[in-house]
4 protein chains.
Amino acid sequence: MALTPEQEAEIEALRASPRPTLRAVSEGMEAHMYRAHPVLDHGFVRVIDYMGDDAAICQAARVSYGKGTKSVSNDEGLIRYLMRHWHSTPFEMCEVKFHVKLPIFVARQWIRHRTANVNEYSARYSILDREFYIPRPEHLAAQSTANAQGRGEVLEGEEAERVLEILKSDAARAYEHYEEMLSQEGGRKGLARELARMNLPANIYTQWYWKIDLHNLLHFLRLRADSHAQYEIRAYAEVICGIVRDWVPLAWAAFEDYRLGGATLSARALDCLRRMLAGETVTEESSGMSKGEWREFRALFPGQG
Amino acid sequence: MALTPEQEAEIEALRASPRPTLRAVSEGMEAHMYRAHPVLDHGFVRVIDYMGDDAAICQAARVSYGKGTKSVSNDEGLIRYLMRHWHSTPFEMCEVKFHVKLPIFVARQWIRHRTANVNEYSARYSILDREFYIPRPEHLAAQSTANAQGRGEVLEGEEAERVLEILKSDAARAYEHYEEMLSQEGGRKGLARELARMNLPANIYTQWYWKIDLHNLLHFLRLRADSHAQYEIRAYAEVICGIVRDWVPLAWAAFEDYRLGGATLSARALDCLRRMLAGETVTEESSGMSKGEWREFRALFPGQG
Amino acid sequence: MALTPEQEAEIEALRASPRPTLRAVSEGMEAHMYRAHPVLDHGFVRVIDYMGDDAAICQAARVSYGKGTKSVSNDEGLIRYLMRHWHSTPFEMCEVKFHVKLPIFVARQWIRHRTANVNEYSARYSILDREFYIPRPEHLAAQSTANAQGRGEVLEGEEAERVLEILKSDAARAYEHYEEMLSQEGGRKGLARELARMNLPANIYTQWYWKIDLHNLLHFLRLRADSHAQYEIRAYAEVICGIVRDWVPLAWAAFEDYRLGGATLSARALDCLRRMLAGETVTEESSGMSKGEWREFRALFPGQG
Amino acid sequence: MALTPEQEAEIEALRASPRPTLRAVSEGMEAHMYRAHPVLDHGFVRVIDYMGDDAAICQAARVSYGKGTKSVSNDEGLIRYLMRHWHSTPFEMCEVKFHVKLPIFVARQWIRHRTANVNEYSARYSILDREFYIPRPEHLAAQSTANAQGRGEVLEGEEAERVLEILKSDAARAYEHYEEMLSQEGGRKGLARELARMNLPANIYTQWYWKIDLHNLLHFLRLRADSHAQYEIRAYAEVICGIVRDWVPLAWAAFEDYRLGGATLSARALDCLRRMLAGETVTEESSGMSKGEWREFRALFPGQG
């Protein structure tokens, strides 16, 4: 359970009192406000605030005085045009702020996206909670034999049990020792928090406020909702995908078509396609591609050749 | 007059229909929404959207589940602490979007602030309006004789008249020629807009949507509302200062005290102050400062020495 | 002629005295150092400094202690892999600094790329030179009738002559008036430089130092060396392409294959390709694409359907 | 010992072969190239590359064709002027690339500085080394009783011994279990590296390539070489301070005077100083400052009042 009853009550209190605003409102997003979407065993994603909607993208693209919307179909066409031609600045005109609870090893990947604003819970100032990510058995993957940066099959039997036992007992011991080092009982001074935290493993949970514009958020999702991303960060990205879909449905649909479901092909790949369309049978050898490129190309066009 | 009746009507229509939201609302900012604050002869600043308020700064600093506010005095103390110790990330958690109409030479200074999002009216795609900035007589300043980058006295008499005549007639002629080059009448093809615009002078007005977080906005205001900034961009900065004061009054008060009204002193200057407080009479020679530093130091502490 | 004899002499003096360094050296880039590549009628691009080479990309990707290079073919494969999978951070490890002279309307497009460092010649502090961009007859394009943001045929005859006459005479008059307003002769005070400049048209030349990392430079080149970019900025981008090719030949080759010569296809486009490869004849109607998308798709695969 | 003999040999090989370059060369920086400056028990900082020197700052500020240097004293005055008036862009024209080895909890603070380029050693792809930061006894500080975010006295006796024992034994056990989970011996599949790393504590060492411009580096140093920064990151900042001093001595001297040794005073503090200079005795009550502000003010001006 990610939230305490007190925290749930605070959230319900915030949701209980809507106030009038003259700003653009996204009904889809209002439904998400403050609610905690659970992720992994103790994590969550909550929408704290947002700015703009689909119409705001068009309004900025047109630098208009009023709403900037002409009609939904007109807006849809403009948004698809902007997405197709990499006109990123209108998408930067929407902004969203999340409260996220996540394991530190996920936070370390996440923070690599620099074009965002972050306030993290301070382990110099405060004491971290006793909450650790322990993978569910079906996520206990073996090292991939094909790909140095990937996962293979799922561990089973004794091996899986031993791994879970290690993760649980090491976390428990590390946290006990963290508390012991901090303790000021029995005349002890207590180690500084900023030092004691160094004993905690990377699966302990932290939390932060994270604010980002829609263009950079979509870039984050393209990389982190991708099948090559580590499962644990992908779990967060997928929850955020669902939120974005409700917030800006037209931008989301364009993103799905042009980015998530699309592909960037090299000059070599385009040339192979042209030859294949002209009836030629192209092989790895005649493609001019490396082994890896060819494999990726065949995954996109499996039926042919 | 900066807006047409149609544009005014669009703005009033937007202001006529408040909608409920669960987000943080700043009453001071709602009063500004969409309205055009006039600047210079044809320019304006309009608030199009905003995110957050004073409480949101505290909420992010505390990474809290609920409002994050304990009491106004508590929040004020926290905000002053954050400002004093250059903790900039909580201020990044507020965001604002403006629609600005401004002369191109002002836009060229403004755009140097890179940590912002911009959509500018495209003179490749559209035709610019016939609106040029012509300074009022009291802003027709001579080149400073003391400072290569400054203004001196105000021009007067024939010299002032001649300057105004030049600015007006050159602008008028440039715009007539712009229209002539674009014209497709009489069998002409009409020069491409992206080329014809090169004939227009830097005092023609452009407009853009500009979105920025509060931390970076305050940095912009510190530089551009400063007495060393060019008058024409300062006029915009001062209007924005008034808007920020209404939006986040606690953050604004801390900014006024620590930044606008404060000063950064060098180690040499601190040393001089200590000596002066101990009763020593410090002179330019004994200060160790350069002529310019000493002048700036004396401006801060005029009564002594 | 873009440079004075004194400036040429300064450049030759800089090129005359190589000094030993322990840093990575790119021979291809050393040949460019300081030299002015002419662009348009009075502009240029000069390399002032650079950091890193192809090997530095690999070294950073491997976080290695030494050179990080194993073999040229190994490095080539790694660089292609990084480019293909959008691993941008190793490319950020190379940096380049240019001195560019360019018309103001080009500078205004250029500066929209925010992830770069810029120092521009100050028209508040200094007086601009009397140099204006006047297009060559073959670049005097008409407004496109198909595309609001494009160029059509070239202007001819009287229309072309009239346009050139306007551009030349307006520029000459604007500059004379600029000088007149600045003048302190005959008891005049002289208008402040920061004000007088507002009379100058957008085809006057400015100059700046521009520093950017290789990843962001390649992004700039992808957008600005593209056939949809305005000719005048493309002229600069193409000169820079030639410089990058000499600086980091492996990264350049990967960029050419995956970005300049490649294409991003939507989910719909991929689906159409799969159907076409399976023998189906896909039409605009059955493609599910908009008119614009279909036109772009057919431009990539012209022979089929 | 931070480096193996093989690594030392690679570094010496790189230092053995200077090559000619036409770029700006900083002799002070050449002496640092590639060498590992030890920090903490297993960490280091190495300069991998740099761009620019003091003269390059002036050259960019002047947008000049040649060296841009007139004389050393002239350059010094310009650099001090730029620093005093927060003209940051010329300092952005210098760049430096470091290879740093550092504990993960230090890396987590460090990465908060977003305006930099980073390539970190990947624990998804590779196996981390068995190296953990264990504080020296004199750095084993107690939690401050005055400041929630600070250190107090040093732990002693049994308490200190127990803390060191915990840190060492937990690190050893965590690493043994890390290896055990990864192991593919005895028919085991071996847990994926990206999962196994979650068991490792925050004092394990990681390493990265970190590239940043001089302006942003000085900002980093102002915050991280400050007495309020955590000792462990300050140790890195202080080593980098020494490197910057050798690289750009004029910029460093201006930074020391205006930033490290200087102070930003609020309007209230300036007012108090003026009153004190006029002979008034100002007390905490009559200062209008909060308790914290007054304490900081008195620390700057200890002799008076």
Side-chain angles (χ1 to χ4, degrees), chain B residues 103-105 107-109 111-112 114-116 118 120 122-126 132-133 135 139-144 148-153 155-156 159 162-163 166-167 170-171 173-174 177 180-182 184 187-204 230-232, chain C residues 103-105 107-109 111-112 114-116 118 120 122-126 132-133 135 139-144 148-153 155-156 159 162-163 166-167 170-171 173-174 177 180-182 184 187-204 230-232:
Chain B
I104 282 180
F105 72 93
R108 298 235 301 134
Q109 292 187 325
I111 200 78
R112 298 302 315 279
R114 290 158 294 178
T115 316
V118 185
E120 186 173 353
S122 169
R124 289 186 75 192
Y125 189 87
S126 308
F132 296 87
Y133 169 60
H139 296 131
L140 222 53
Q143 178 64 31
S144 164
Q149 194 170 328
R151 292 185 181 189
E153 304 168 42
L155 299 190
E156 288 166 347
E159 187 175 1
R162 176 65 182 142
V163 163
I166 285 175
L167 291 177
D170 279 8
R173 186 183 302 103
H177 285 159
E180 183 185 338
M181 292 190 289
L182 291 174
Q184 299 179 333
R188 284 184 290 182
K189 293 176 180 163
L191 186 64
R193 286 167 202 153
E194 66 180 31
L195 286 171
R197 62 168 162 170
M198 81 172 73
N199 200 54
L200 295 168
N203 59 342
I204 196 166
Q230 181 163 353
Y231 162 74
E232 282 75 18
Chain C
I104 281 180
F105 72 94
R108 298 232 304 133
Q109 291 188 325
I111 200 78
R112 299 302 315 282
R114 290 158 295 177
T115 315
V118 186
E120 185 174 354
S122 170
R124 288 185 75 193
Y125 190 88
S126 308
F132 296 87
Y133 170 59
H139 297 130
L140 222 52
Q143 179 64 31
S144 165
Q149 195 170 329
R151 292 187 181 187
E153 302 168 44
L155 300 190
E156 287 166 347
E159 187 176 1
R162 175 66 182 143
V163 163
I166 286 175
L167 292 176
D170 279 7
R173 188 185 301 102
H177 285 159
E180 183 186 338
M181 291 191 289
L182 292 173
Q184 299 179 332
R188 286 184 288 183
K189 292 176 181 164
L191 186 65
R193 285 167 202 154
E194 66 180 30
L195 286 171
R197 63 166 162 173
M198 81 171 75
N199 201 54
L200 295 169
N203 60 342
I204 196 166
Q230 181 163 353
Y231 163 74
E232 282 76 18

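All values reported here derive from a predicted model rather than from experimental measurement. Proteins come first, then strands; the chains are lettered A, B, ... in the order of their sequence lines, and each starts at number 1.
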Minimal heavy-atom distance between C:D170 and B:A174, with the atoms involved, is OD2-CA, 4.0 Å
Non-hydrogen atoms of B:Q109 and C:R197 that approach each other most closely:
NE2-NH2, 3.4 Å
In chain order, what residues pass the ring pair (Phe, Tyr, Trp, His ring centres under 6.0 Å) check against B:H139, with sequence neighbours excluded?
B:Y231
Using 0.5 Å steps for rounding, measure from the CG atom of C:N203 to the CG atom of B:L200.
10.0 Å
Can you list the steps and then say if C:I104 with B:R108 is a side-chain contact (heavy atoms from CB on, under 4.5 Å)?
CA-CA 10 Å; C:I104 281 180; B:R108 298 235 301 134; 3.7 Å; yes
Between C:E194 and chain B, which part of the residue has a heavy atom less than 4.5 Å away: side chain, backbone, both or neither?
both
Roughly how far apart are C:M181 CE and B:L167 CG, rounded to 0.5 Å?
4.5 Å
Heavy-atom proximity to chain B below 4.5 Å, by part of C:I166
both
The side-chain contact (heavy atoms from CB on, under 4.5 Å) partners of C:A202 (sequence neighbours excluded) come to C:F105
Spatial distance of atom CZ (C:R112) from atom CD (B:E120) [nearest 0.5 Å]:
7.0 Å
Region of C:R173 that comes under 4.5 Å of a non-hydrogen atom in chain B:
both
From the list B:E180, B:Q184, B:E232, the residue making the most non-hydrogen contacts under 4.5 Å with chain C is B:E180
Work out which heavy atom in B:A192 is nearest to a heavy atom in C:G150; give both atom names and the distance.
CB-O, 4.4 Å
Could you walk me through whether C:E153 and B:K189 pass the salt bridge (charged side-chain N to carboxylate O under 4.0 Å, His left out) check?
CA-CA 8 Å; C:E153 302 168 44; B:K189 293 176 180 163; 3.3 Å; yes
Atom group of C:A196 that falls short of 4.5 Å from chain B, counting heavy atoms
neither
Report the C-alpha separation of B:Q143 and C:L182 in whole Å, then their side-chain angles, then the decisive distance to 0.1 Å, and conclude whether the side-chain contact (heavy atoms from CB on, under 4.5 Å) test is met.
CA-CA 8 Å; B:Q143 178 64 31; C:L182 292 173; 5.6 Å; no
Under 4.5 Å to a heavy atom of chain B? For C:P135 that would be side chain
Can you tell which part of C:F132 gets under 4.5 Å to a heavy atom of chain B, answering side chain, backbone, both or neither?
neither
Got a second to check how far B:L191's CG is from C:R151's CZ, nearest 0.5 Å?
8.0 Å
The reported gap from CD1 in B:I111 to CD1 in C:I111 (rounded to nearest 0.5 angstrom) is 7.5 Å
Step by step, would you call C:L195 with B:Q230 a side-chain contact (heavy atoms from CB on, under 4.5 Å)?
CA-CA 9 Å; C:L195 286 171; B:Q230 181 163 353; 4.3 Å; yes
